[in-house]
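In this text the structure is predicted, and so the values were computed from the model without any measurement. Computed from heavy atoms alone, side chains included, the values below leave out hydrogens, waters and symmetry copies. Residues take their numbers from the sequence shown, with the count starting at 1.
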Amino acid sequence: MQYLVSVIDDGTGPDTATEQAAIDAFNDRLRAEGHWVFAGGLGSPDPATVVDNRGGEAIVTDGPFVESKEYMAGFWIIEAADLDVALKLATEGSKACNRKIEVRPFL
């Protein structure tokens, strides 16, 4: 089963060199153990653009969709046998990046 593991930043700033080294080590472990699918970091939501084309005409709005102190700063897509394994990996990922983590299964 695949899971989206989202990194939640509270605006404390970019990761430190120590955190980046821990994230790199965690990524290497995910690859070595067969859990790695894909991962990426995201920039601040400030320059985001929202596109809404649900009506007759597309509306393009500057800025993030949701105003919040917390935002998704990155993610992993992992393979895990079940939710327990995904949560164990997320716990280790949270420690590595020093951020909160949200885990959601793909449908």
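For the ring pair (Phe, Tyr, Trp, His ring centres under 6.0 Å) test, residues two or more places apart in sequence or in another chain that qualify with F26 are W76. Contacts of K95 classified as side-chain hydrogen bond (donor to acceptor under 3.5 Å, both in side chains), with partners at least two apart in sequence or in another chain: none. For D10, there are no salt bridge (Lys or Arg N to Asp or Glu O under 4.0 Å) partners at least two apart in sequence or on another chain. Annotation: side-chain contact (heavy atoms from CB on, under 4.5 Å) contacts of T16 (sequence neighbours excluded): T18, E19. Taking the side-chain contact (heavy atoms from CB on, under 4.5 Å) definition, one finds that V51 meets it with V60, sequence neighbours left out. Contacts of D24 classified as salt bridge (Lys or Arg N to Asp or Glu O under 4.0 Å), with partners at least two apart in sequence or in another chain: none.
Nearest heavy atom pair, residue L30 against residue I78, reads CD1-CG2, 4.2 Å. Considering all non-hydrogen atoms of both residues, A22 and A96 come closest at CB-O, 3.4 Å. Residues V85 and A80 share a closest heavy-atom pair of CG1-CB, 3.8 Å.
Screening residues 37-61 for salt bridge (Lys or Arg N to Asp or Glu O under 4.0 Å), with sequence neighbours left out, gives D52-R54. Pairs passing the ring-ring contact (aromatic ring centres under 6.0 Å, His included) check and including a residue from residues 35-54, sequence neighbours excluded, read F38-F75.
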Distance-only donor-acceptor pairs under 3.5 Å for side chains of residues 1-9, two or more places apart:
{"from": "Q2", "atom 1": "NE2", "to": "E79", "atom 2": "OE2", "distance (Å)": "2.9"}
{"from": "Y3", "atom 1": "OH", "to": "L83", "atom 2": "N", "distance (Å)": "3.0"}
{"from": "D9", "atom 1": "OD1", "to": "G11", "atom 2": "N", "distance (Å)": "2.7"}
{"from": "D9", "atom 1": "OD1", "to": "T12", "atom 2": "N", "distance (Å)": "3.2"}
{"from": "D9", "atom 1": "OD2", "to": "R99", "atom 2": "NE", "distance (Å)": "3.2"}

Using distance only, find each side-chain donor-acceptor pair of residues 100-107 under 3.5 Å and give its atom names and separation, not counting sequence neighbours.
{"from": "K100", "atom 1": "NZ", "to": "E70", "atom 2": "OE1", "distance (Å)": "3.4"}
{"from": "K100", "atom 1": "NZ", "to": "E70", "atom 2": "OE2", "distance (Å)": "2.4"}

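For the pair T49 and T61, the minimum side-chain heavy-atom distance is 4.5 Å or more. At least one side-chain heavy atom of I23 sits under 4.5 Å from a side-chain heavy atom of Q20.
Of the possible polar contacts, none joining the S94 side chain to the A90 backbone as a donor-acceptor pair under 3.5 Å is found.
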